[in-house]
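Let me begin by presenting the structure, written as structure tokens, before commenting on it.
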Amino acid sequence: MTIRWTRKDLLGLRELSADEINFILETADAFKQVGTREIKKVPALRGKTLVNFFVEPSTRTRTSFELAAFRLSADVINISATGSSLTKGETLKDTARNLEALHADILVLRHSSAGAPLFLANRLKASVINAGDGAHEHPTQALLDLYTIRERRGEIAGLHVAIIGDILFSRVARSNIFGLLKLGAHVTLVGPSTLVPREFEKLGVEVSHKIDDVLPRADVVNLLRIQHERQRKEYFPGIGEYIRLFGLTKKRAKLLKPECLIMHPGPINRGVEIDSDVADGLQSVILDQVTNGLAVRMAVLYLCGGIAI
Amino acid sequence: MDAEAIRRALRRIAHEIVERNPRLEKMVLAGIPSRGVEIARRIATFIHEIEEIEIETGVIDVAMHRDDVGTRAALPVVRASKLPVPLEERTVIIVDDVLYTGRTVRAAMDAINSFGRPARIQLAVLVDRGHRELPIRPDYVGKNLPTSGSEKVRVRLEQTDGEPDAVQLQRQ
């Protein structure tokens with residue numbers, strides 16, 4: 001495929017074409033191979049400075065970006081909300097301008113407000129990579145999910161992917177929906193009607209409130225974590241009720257096709273959205289997702305950070 | 001050069017490689033995508049005809065080792081590299097279609113070193129067009145083609161380009 005990558009920012013999958021998504025996945029193939037070398041480091045971004053700016057707490061996404069940057073020979077600074085001047089009343093724009101004054105080349109931003117990465121991308125010369133903004137998008141998570149499905153199943157077009165759980169508050173679900181539909185998958189969202197409202201059908205997906213009907217038809221199930229921290233009021237009666245109706249228990253997992261992949265973006269609530277045995281079972285590709293996340297983030301940093309601005 | 005001239009040049013390179021490398025089983029031909037990979041495959045086939053030994057081939061992608069990242073409006077496509085490991089005690093022969101400034105070869109040597117420390121690295125090219133910007137010289141050359149900086153060397157190979165084998169000098 002011959003496409004020219006010309007974006008300095010990665011804000012979401014909604015604005016990317018299928019060709020651009022495939023181009024990132026193919027670039028990630030090359031970077032995955034770097035992880036198997038004796039020296040797992042290439043000079044592609046030597047001399048560039050990457051700022052990991054995480055206004056919301058995150059360990060795995062931040063360390064994944066950090067390791068990806070190290071493997072590309074970039075220098076990394078980590079800034080978290082508690083350690084930054086945001087808690088002292090500085091605006092996001094002023095903090096960002098200060099970062100730019102330090103000649104940061106790439107800004108990886110995790111923020112509780114949807115649109116914060118776009119706001120900064122329009123104002124900064126630096127590349128801005130969205131590492132999750134509010135309930136909007138989390139593009140690198142969706143890209144690593146797509147990469148993992150493609151690696152295991154060859155092609156994404158024609159597959160039936162069930163996304164189960166807290167869709168309403170999930171940026172992972174939104175990015176996955178955009179990416180999967182663009183690449184030709186059939187998507188079913190599953191969960192209680194409070195967390196999976198019918199309005200989602202307008203995006204071109206199927207909505208179901210009965211997990212047992214969907215599991216036997218799925219080629220991939222992607223389980224989302226119940227985000228206690230984002231739920232200000234009760235959306236379902238209780239954890240016990242949720243497990244009974246939507247948890248991927250050992251018994252329920254028997255409904256799945258033997259080749260169906262089980263995915264989870266982590267961190268897992270063992271015994272809530274997924275049983276421990278199922279999370280560690282043969283169909284689970286949860287740890288592959290972590291490994292592939294590194295390759296995908298290397299590809300994104302290389303593409304967005306490597307073009308002349 | 002036409003298809004026959006290319007065939008003879010690569011066959012001669014295969015003979016030279018056999019002559020200069022007594023331990024062919026410890027050798028790997030590493031092509032630079034995409035035409036270098038095809039040329040490496042052809043040289044390996046000739047060596048097989050000459051010595052009846054299967055030479056290992058590999059792919060060495062240089063995009064992530066280039067020194068011009070950040071200066072281009074669009075990035076070169078990155079492909080996965082593939083080399084047998086361990087590389088220690090092996091001779092790696094870098095194979096490419098055209099040798100020009102030498103910067104690609106430098107990047108290829110960096111890439112190879114990240115896989116390990118080969119016993120030696122050699123360089124085989126179909127065409128050497130001169131104008132080196134680094135102290136690099138080829139060990140095996142299909143054809144020396146004196147060029148000026150404004151000219152372009154156009155290489156076409158059946159398998160990579162879907163056109164008959166040819167090397168042409170184009171004035172811009």
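Not measured: the values here are computed from a predicted model.
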Chain B contact via A:Leu303 - side chain, backbone, both or neither, heavy atoms under 4.5 Å: both

Under 4.5 Å from any heavy atom of chain B - which part of A:Glu38: both

Excluding sequence neighbours, so at least two apart, what forms salt bridge (charged side-chain N to carboxylate O under 4.0 Å, His left out) with A:Arg97? none

Can you name the residues that form a ring pair (Phe, Tyr, Trp, His ring centres under 6.0 Å) with A:Phe65, not counting sequence neighbours? none

Salt bridge (Lys or Arg N to Asp or Glu O under 4.0 Å) contacts touching residues 64-79 of chain A (sequence neighbours left out): A:Arg62-A:Glu66

Would you call A:Glu100-A:Lys125 a salt bridge at under 4.0 Å N-O? no

Does this structure show an ion pair linking B:Glu4 with B:Arg7, if we count only N-O contacts that are shorter than 4.0 Å? yes

Heavy-atom pair count under 4.5 Å with chain A, highest-scoring of B:Pro86, B:Ser81, B:Ala111, B:Gly116: B:Ser81

Is it possible for you to check whether B:Arg129 lies under 6.0 Å from the centre of the six-membered ring of B:Tyr100, through NZ or CZ, and within 45° of that ring's axis? yes

Contacts of residues 153-166 of chain B with chain A (heavy atom under 4.5 Å): none

So what's closer than 4.5 Å to chain A heavy atoms on B:Asp110: side chain, backbone, both or neither? neither

Side chain proximity check, A:Val172 to A:Asp145, heavy atoms < 4.5 angstrom: yes

In terms of heavy-atom pairs under 4.5 Å with chain B, which of A:Thr27, A:Leu72, A:Asp29, A:Ile39 leads? A:Ile39

Verify the distance criterion only: is there a donor paired with an acceptor across the side chains of A:Glu151 and A:Asn292 at less than 3.5 Å? yes

